[in-house]
Amino acid sequence: MRVECTSKMTVVMGATGLNGACAAASTSMLAAYALPLALPVVTTDHDEELDLPEQMRIRLDKRKRLADQGRDPYPVALPITHTIAAVRSEFPELEIDTQTSAIVGIAGRVMFVRNTGKLCFATLRAGDGTEIQAMLSLANVGQDSLDQWKALVDLGDHVFVEGEVITSKRGELSVLANSWAMAAKSLRPLPVAHKPMNDDSRIRQRYLDLIMRPEARQMAQTRITVVSQVRKSLESRGYFEIETPMLQTMHGGATARPFITTSNAFDMQLFLRIAPELFLKRAVVGGMERVFEINRNFRNEGADSTHSPEFAMLEFYQAYADYIQMAHTTRELIQEAAFAVFGSHVATHIDGTQLDLSGEWPMVSLYGSLSEAVGEQITPQTPRERLIELANAVEIEVGSTWVNGKIVEELFEHHVIERFGGRPTFVIDFPVDTSPLTRDHRSQDGKVEKWDLYINGYEQATGYSELVDPVVQRERLIEQAALGARGDVEAMKLDEDFLRALEHGMPPSGGVGVGIDRLLMTLTGLGIRETILFPLVKPEQA
RNA sequence: GGGUCGCUAGCUCAAUGGUUAGAGCUGCGGACUUUUAAUCCGUAGGUUCCGGGUUCGAGCCCCGGGCGACCCA
């Protein structure tokens, strides 16, 4: 008891534990447990334990009684011989009421309990969702052990069971225990298994979501599969994965507001990156001709069902490729990811709807499709006054810092995107004044070689023929700086080191950015907060 | 940014401005050696998100704040 108590204090409280201070420690420990979820703060008196929810008090008491009876509630090691999945696969289809004489040691979380007088049942579940039944009979474990099981094991506890693999009289594959041990005592009750938790709790306490809901485990697994496949797909095409700075002295590579932080040691302002683009291009300048990065970007703006302040982004760059070649590669990456998850290029969402990602994807021109939608020719030369009239006609409020291209893009989003009907579509050839890092179109004035990929009505990826002319790039960034001076908080900064890299010569290159969270949304049909395991949530109390 | 709705026991939810805020599951005590959301008997569990206000009386009405969902921009 003493050893267990002091070691626990070290974990929970740091170094304040003293040998023999178990009574005090127990009270302080309650405070340590209670604070994170804002339960009543336990102060000095041991009696204030009564302020905790009843069920938690009872479980804390069981934890203590386990220790008192020589059962460590949190043992360091257990003689496990099989995973639950291994037992299931080793004994796939036993007849009802079979004895195998195979002795195994297994562990899992208790998800279901049925305690009767002399024979107890429990369903144990492993983290992968596989389950097996444990049975404890008076005849096999004896009166004391059975009584302790009934008194001290709750739903949600991790337990170890050692015994024979059998099937019950109902045919359930089971381990008939010779002995049992607590693997980890749970101090809080699980949610009701048969009612869905509300969305807020599911996201704030994702660990409970993962325990209770197979779909949550499935989502986590799908993300793992997709990210892994994207890496394989790129590596098989000769790309190398590199890591570029998250903390930057100057943010760039996108138009967005950054998070700002400070370095104490350098006594200077730093930015969390809004995109890795400018560093990946530096790598291309250095001769890394096919590079990619999958990592987090941070943008200091609101959250909704398609936006998160931090989100995972894939960017990849290929020397001597242009934006059309990059579009093909992007389509293949997404199709290969879909195949890895579904074994098909057709994604099947949880609600059963299917999204066909197969075959070639159409390419439509931004200006052409917009012209068709509004019934008049729109070009980069269309006067600003006319663009504003068209915007006002559909109640788009034109911001004071908007350049013409921005108005065109807003008109496009308003008029055209729905016409794609969710089908993957590359929208090509964007306005030059909203794309400062993109090469001028090889044949069309006022446009750049850029595409956006729309799937299911939202932007899934973007690709460029990269601007590599350092003189033009400098002009573009100076224009951005001027926008910034006029109050556009999202305008790009003049990054002299990036320009210096370009001045050393960057080969003609294609580049792509793919939102990983959005790719998961595309494949699963879920909102962005479901594709991210632990999305940012505001604290429950101010 | 605007609007609508919501926040009550560990969880999921009830409750015309009017008795002591209820139910199911969970928990606790008891019965049961084949249970699958077991069944049966008994029982406990509450800062009604927070702070003001109106009222003889507020979970409910009013004001402010917090958190969330949905819709609109």
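Residue numbers start from 1 in every chain, and the chains themselves are labelled A, B, ... in the order their sequence lines are given, proteins ahead of strands. Values below: every heavy atom of this structure, side chains too, minus hydrogens, waters and symmetry copies. Because the structure is predicted, anything quoted here is derived from the model rather than measured.
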Per Gln55(A) side chain, nearest of listed nucleotides U33(B), U26(B), C67(B): U26(B)

Nearest whole angstrom, please: distance from the P of C28(B) to the CG of Asp61(A). 11 Å

Taking G24(B), U33(B), U34(B) as options, the one with an atom nearest any side-chain atom of Val192(A) is G24(B)

Side chain of Glu54(A), heavy atoms from C-beta onward: which of A44(B), C11(B), G68(B) has the nearest atom to it? A44(B)

Side chains of Gln133(A) and Ser174(A): donor-acceptor distance under 3.5 Å anywhere? yes

Watson-Crick or G-U wobble partner for U8(B), using a 3.5 Å limit on both distances? none

For nucleotides C25(B) and C70(B), find the distance between their C1' atoms and express it as a whole number of Å. 29 Å

So for atom CD, which belongs to Gln221(A), do other residues, nucleotides or ligands contribute more than 12 heavy atoms lying within a distance under 6.0 Å? yes

Find the distance Gln143(A):CD to U33(B):P and express it as a whole number of Å. 11 Å

Asn115(A) CG - U36(B) C1' separation (whole Å): 14 Å

Using atom CG of Leu190(A) as one end and atom C1' of A37(B) as the other, report the distance to the nearest whole Å. 14 Å

Given C11(B), is OP1 or OP2 found less than 4.0 Å from the side-chain N or O atoms of Lys195(A)? no

C32(B) pairs with, by Watson-Crick or G-U criteria that keep both distances under 3.5 Å: none

Rounded interatomic separation in angstrom, taking CZ from Arg213(A) and P from U12(B): 13 Å

Between G24(B) and U39(B) - P atom distance, rounded Å: 12 Å

Passes side-chain contact (heavy atoms from CB on, under 4.5 Å), Phe430(A) versus Thr438(A)? Steps please. CA-CA 9 Å; Phe430(A) 275 64; Thr438(A) 314; over 6 Å; no

Once you apply a heavy-atom cut-off of 4.0 Å, does Arg202(A) come out as touching a base, just sugar-phosphate, or nothing? nothing

Expressed in whole Å, how much space separates the C1' atoms belonging to G57(B) and A21(B)? 15 Å

To the nearest angstrom, how far is Leu146(A) atom CG from C32(B) atom C1'? 12 Å

Between Val113(A) and Asn140(A), name the one whose nearest nucleotide on RNA chain B is closer to the 5' end. Asn140(A)

Calculate the interatomic distance between Met111(A) atom CE and C25(B) atom P; express it in whole Å. 18 Å

Is the Phe412(A) ring parallel, tilted or perpendicular to the Phe420(A) ring (thresholds 30°, 60°)? tilted

If the C1' atom of C60(B) is compared with that of A44(B), how far apart are they to the nearest Å? 27 Å

Would you say G68(B) has OP1 or OP2 under 4.0 Å from some side-chain N or O of Arg529(A)? no

Among the candidates U26(B), U36(B), U34(B), find the nucleotide nearest to the side-chain atoms of Pro189(A). U26(B)

When all nucleic acid strands are considered with a 4.0 Å heavy-atom cut-off, which category describes Glu397(A): base, sugar-phosphate, or nothing? nothing

Verify whether one side chain among Glu409(A) and Thr434(A) offers a donor that lies under 3.5 Å from an acceptor in the other. yes

Side chain of Met197(A) only, please: which of U12(B), G27(B), U33(B) is the nearest? U12(B)

Could you check how far CG of Asp199(A) sits from P of C67(B), rounded to whole Å? 18 Å

Between A14(B) and A73(B), how many Å separate the two P atoms, rounded to a whole number? 31 Å

Tell me whether the OP1 or OP2 atom of U12(B) has a side-chain N or O from Asn198(A) closer than 4.0 Å. yes

Measure from the side chain of Ile58(A), starting at C-beta and using heavy atoms only, and say which of G27(B), U34(B), G10(B) lies closest. G27(B)

For Gln99(A), does the CD atom have more than 12 heavy-atom neighbours from other residues, nucleotides or ligands under 6.0 Å away? no

Nucleotide nearest Leu119(A) (side chain, heavy atoms from C-beta), chosen from U33(B), C67(B), G10(B): U33(B)

Any-strand Watson-Crick or G-U partner of C56(B), both distances under 3.5 Å: G18(B)

If the C1' atom of C28(B) is compared with that of U16(B), how far apart are they to the nearest Å? 36 Å

Using atom C1' in both nucleotides, what's the gap between G68(B) and A23(B) to the nearest angstrom? 25 Å

Does a sphere of radius 6.0 Å around CZ in Arg386(A) hold more than 12 heavy atoms from other residues, nucleotides or ligands, not counting ones at 6.0 Å or beyond? yes

Can a donor-acceptor pair be found between the side chains of Thr462(A) and Asp452(A) at a distance below 3.5 Å? yes

If pairing means Watson-Crick or G-U wobble with both distances under 3.5 Å, then the partner of G64(B) is C50(B)

Pairing check on G27(B): which nucleotide meets the Watson-Crick or G-U wobble criteria with it, both distances under 3.5 Å? U43(B)

Which of the following nucleotides, G27(B), U33(B), U12(B), is nearest to the side chain of Asp154(A)? G27(B)

When Ala151(A) and Leu138(A) are each assigned the nearest nucleotide of RNA chain B, the 5'-most assignment goes to Ala151(A)

Say we look at U47(B) and U43(B): how far apart would their C1' atoms be, to the nearest angstrom? 24 Å

Heavy atoms under 4.0 Å, any strand shown: does Asp200(A) hit a base, just sugar-phosphate, or nothing? sugar-phosphate

